[in-house]
Amino acid sequence: MIRPLKLLLPFATLPAIIWLLLLLANANAKANALTGEASLYNEADNVINADTETLLPYLRTTPKGKLVQFINIFCGDCRRFAPTFKDVARELYKWRSVISVYAVDCAQERNVKICRDFQILHTPTLRYFPPAYSGNGLGINIQTTMPEEIIDLLAGYLARDTDTALLHFEPLRPDSTANATIAEHRGHGHSEDYIALVLQPRGSNIGRDTILELLPYPAVAVRILDDVQIFANFGLAAHDQKLAIMDLAGNILALKALQETSQAYAASIAEFLAQMGRTPWPPLPTTRAPKISTIRNKEKLSILATVMREAPRVYRADLEQSIDTLLHIELPKAGLIEGNNLTDLRNIISVLRHNNPLNKDGQLLLTGLHDSLLTIDRLTGLEFMELVKSQEKGLGNVFKAHRYVGCIGTRPFLRGFTCSLWTLFHYLTVAAAKQPHNLEPGSVLDAVHGFVKHFFGCTDCAQHFLAMAEHNHIELVADHDAEILWLWEAHNEVNSRLAGDTTEDPEFPKIQYPSEMDCHACRNENAEWNRIEVLKYLKSIYDTKNLSSYGLPTAWVF
Ligand code: FAD
């Protein structure tokens with residue numbers, strides 16, 4: 001039923017397209033190898049990892065439908081959705097002649113551009129692109145994460161968009177006969193030796209779904225009948241007929257299926273084909289039970305061992321990483337920044353300018369950004385990125401470690417950015433409470449709230465945090481100490497929700513912080529919080545002077 005690719009493409013362009021696809025595959029593999037980026041998906045899942053360089057060429061040149069998932073590797077919902085998406089992608093392997101599946105990680109700096117261009121405001125975001133996508137438009141949002149619904153929507157799009165020379169989703173005409181159908185089949189250059197006839201009553205998609213179900217069988221094309229009477233034109237008794245198969249000599253056989261489902265219809269046709277010695281394409285090999293990968297890199301292992309051995313510390317490297325990611329990835333992903341969004345951008349930069357653990361050049365960078373933003377009424381994420389780059393010109397290296405230390409996870413995808421962000425937020429509340437007070441009480445929470453509302457790429461985190469801000473009355477926080485404690489309580493609320501979740505690193509369990517062992521005085525004999533002691537503990541552990549520089553390059557100038 002599926003004609004070879006070459007029949008779809010102008011002859012002269014085929015080598016060029018194959019060459020381009022090979023180039024893309026190679027670029028993709030190289031990019032992952034160079035960055036050492038772990039990815040949630042791979043080709044064994046029937047998912048191709050794409051990025052700023054490769055996504056558009058894939059979308060434009062692959063003559064099939066395209067399903068793209070935009071993710072943020074640090075977003076819990078993306079990681080929780082990954083097993084489901086793998087199931088969907090594996091299921092779609094059957095349809096690989098008409099659809100390809102891609103994933104783009106918006107948390108990677110090199111993907112900021114493509115995620116901004118495609119206006120990815122939430123993750124995970126699923127988009128469908130038609131075979132003839134020319135680069136215009138952002139694709140169709142698939143607003144469900146239920147596998148059956150995704151597959152059903154895709155079936156509808158593919159039936160609408162797939163070249164009729166490839167698959168016939170439109171029903172046969174009422175006057176169709178065996179000879180006319182065979183002639184049309186040959187006329188379209190189809191190479192299949194059999195034509196299955198499937199009755200699709202009004203309002204049903206059973207014919208459409210049988211066509212898709214049988215894609216792995218190169219020996220059969222499927223035609224839909226929307227009226228049982230048409231079977232009579234093929235020499236079959238029209239009464240109660242639902243399924244039949246015909247060879248190209250016009251010999252026709254009525255088939256029975258165990259149920260009225262596309263799977264049962266396809267099974268019945270497959271059984272017939274097997275008797276004729278016709279086999280399907282091999283299925284996607286089942287991957288072995290996923291081995292839980294652990295860190296192998298020696299340097300990381302040594303950091304992990306040190307962090308786990310030492311008493312709890314706050315590491316400068318994590319704070320640096322969070323600011324680096326904010327400036328170079330999270331904030332530049334925005335579209336147009338104006339009005340409240342601009343105020344929120346100015347607020348987070350202002351809070352960072354006042355209190356940050358960066359070196360002298362880092363201070364200059366943040367001051368330059370802060371001052372420039374005051375002179376601008378509106379800007380895009382791209383312009384913000386350019387502003388950052390222009391401010392960085394002439395400065396020394398601000399972000400040196402490029403690694404998580406206290407936020408290192410024991411497995412890929414665990415901890416990292418969101419851990420460093422919490423760490424930064426706590427650090428900022430504690431720094432703001434120190435004399436001389438250079439920020440109004442509530443300024444840090446205000447900035448955090450604005451950032452989370454308008455810029456945080458972790459959609460589920462943002463939704464939960466904003467709801468928590470409302471029910472825990474963030475607006476009532478009136479002094480610096482209350483600000484520290486509000487954030488501590490909020491974080492514990494998140495910890496309690498996520499304890500035991502699949503996104504939890506078993507070596508760093510979500511506890512009600514601080515632990516009994518780390519701060520005995522923080523709880524009274526009834527295990528209730530002693531807020532005065534908690535405040536003391538937080539002010540000590542998040543104090544600038546107690547930060548650990550472990551994991552940073554040694555030649556470090558503050
Ligand atoms: P984290 O929870 O990230 O904590 C980082 C470090 O902060 C800990 O190692 C510890 O040293 C310290 N710490 C822990 N608790 C406290 C506390 N109460 N007070 C002070 N210090 C503390 N993920 C989701 O799946 N769903 C969500 O809704 C969600 N909401 C989030 C909201 C925000 C604002 C942020 C920044 C992140 C959110 N996350 C959410 C991510 C999640 O909270 C964790 O960051 C992630 O699971 C990584 O956890 P972790 O083990 O590294 O520790």
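Each ligand, and each atom within it, is numbered from 1 in the order the structure gives. The figures here come from the full heavy-atom set of this structure, side chains too, leaving out hydrogens, waters and symmetry mates.
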Give the atoms of ligand 1, by number and element, whose distance to some non-hydrogen atom of His464 is under 4.0 Å. 27 (C), 28 (O)
Pick one of side chain, backbone, both or neither for how Asp505 approaches ligand 1, counting any non-hydrogen atom pair under 4.0 Å. neither
Can you pull out the closest protein heavy atom to atom 21 (N) of ligand 1? Residue, atom name and distance to 0.1 Å, please. Tyr542 OH, 2.8 Å
Between Val101 and Phe85, is any pair of side-chain heavy atoms under 4.5 Å apart? yes
Would you call Phe74 a ligand 1 contact, heavy-atom distance under 4.0 Å? no
Please report which non-hydrogen protein atom sits nearest to atom 42 (C) of ligand 1, along with the residue it belongs to and the distance in Å to one decimal place. Leu498 CD1, 3.7 Å
Atoms in ligand 1 flagged as close to Phe508, the criterion being non-hydrogen separation under 4.0 Å: 51 (O)
When you compare the side chain of Ile120 with that of Thr123, does any pair of heavy atoms fall below 4.5 Å? yes
For atom 11 (O) of ligand 1, what's the nearest protein heavy atom and its distance? Tyr513 CE1, 3.7 Å
Is NZ or CZ of Arg90 both nearer than 6.0 Å to the six-membered ring centre of Tyr93 and within 45° of the ring axis? no
State whether a side-chain donor-acceptor pair under 3.5 Å links Glu320 with Tyr404. no
At the 4.0 Å heavy-atom cut-off, does Val494 count as touching ligand 1? yes
The residue among Glu392, Lys389, Glu109 that forms side-chain hydrogen bond (donor to acceptor under 3.5 Å, both in side chains) with His328 is Glu392
The closest protein heavy-atom partner of atom 33 (C) of ligand 1 is Trp422 CZ2, 3.4 Å
Is the shortest N/O to N/O distance between Arg415 and ligand 1 below 3.5 Å? yes
Neighbour count >12 (heavy atoms, 6.0 Å) for atom CD1, Ile532: no
Looking only at distances, please establish whether an N/O atom of ligand 1 is found under 3.5 Å from an N/O atom of Thr418. yes
Given Arg313, His491, His426, His449, which one has a non-hydrogen atom that is nearest to atom 2 (O) of ligand 1? His491
Do the cysteine sulfurs of Cys458 and Cys75 sit under 2.5 angstrom from one another? no
Could you see which bit of Tyr427 sits under 4.0 Å from ligand 1, with heavy atoms only: side chain, backbone, both or neither? neither
Can you tell me the protein heavy atom closest to atom 39 (N) of ligand 1 and the distance? Cys461 SG, 3.3 Å
SG to SG below 2.5 angstrom is the rule I want applied to Cys115 and Cys106. Does it hold? yes
Any side-chain heavy-atom pair from Ile408 and Lys300 closer than 4.5 angstrom? yes
Using a 4.0 Å heavy-atom cut-off, say whether Trp488 meets ligand 1 through its side chain, its backbone, both or neither. both
Using a 4.0 Å cutoff against the non-hydrogen atoms of Arg80, which atoms of ligand 1 qualify? 24 (C), 25 (O)
What are the atoms of ligand 1, with element, lying closer than 4.0 Å to any heavy atom of Phe465? 34 (C)
Looking at Lys510, I'd like to know if its NZ atom is crowded, meaning that more than 12 non-hydrogen atoms belonging to other residues, nucleotides or ligands lie closer than 6.0 Å. yes
Assess the residue pair Ser515 and Asp518 against the criterion (side-chain hydrogen bond (donor to acceptor under 3.5 Å, both in side chains)); give the C-alpha distance rounded to whole Å, side-chain angles, the decisive distance to 0.1 Å, and a yes or no. CA-CA 5 Å; Ser515 70; Asp518 293 331; 3.1 Å; yes
What's the separation between atom CD1 in Ile323 and atom OH in Tyr427, rounded to the nearest 0.5 Å? 7.5 Å
Cys419: numbered ligand 1 atoms lying under 4.0 Å from its heavy atoms: 3 (O), 5 (C), 45 (O), 52 (O)
For the NE2 atom on His122, are there more than 12 heavy atoms of other groups (residues, nucleotides or ligands in this structure) within a distance under 6.0 Å? no
Checking heavy atoms under 4.0 Å, the part of Asn495 that sits near ligand 1 is side chain
At a 4.0 Å threshold, what atoms of ligand 1 neighbour a non-hydrogen atom of Lys510? 46 (C), 47 (O), 48 (C), 49 (O), 50 (P), 51 (O)
Which ligand 1 atoms, with their elements, are less than 4.0 angstrom from a heavy-atom of Arg497? 26 (N), 27 (C), 28 (O)
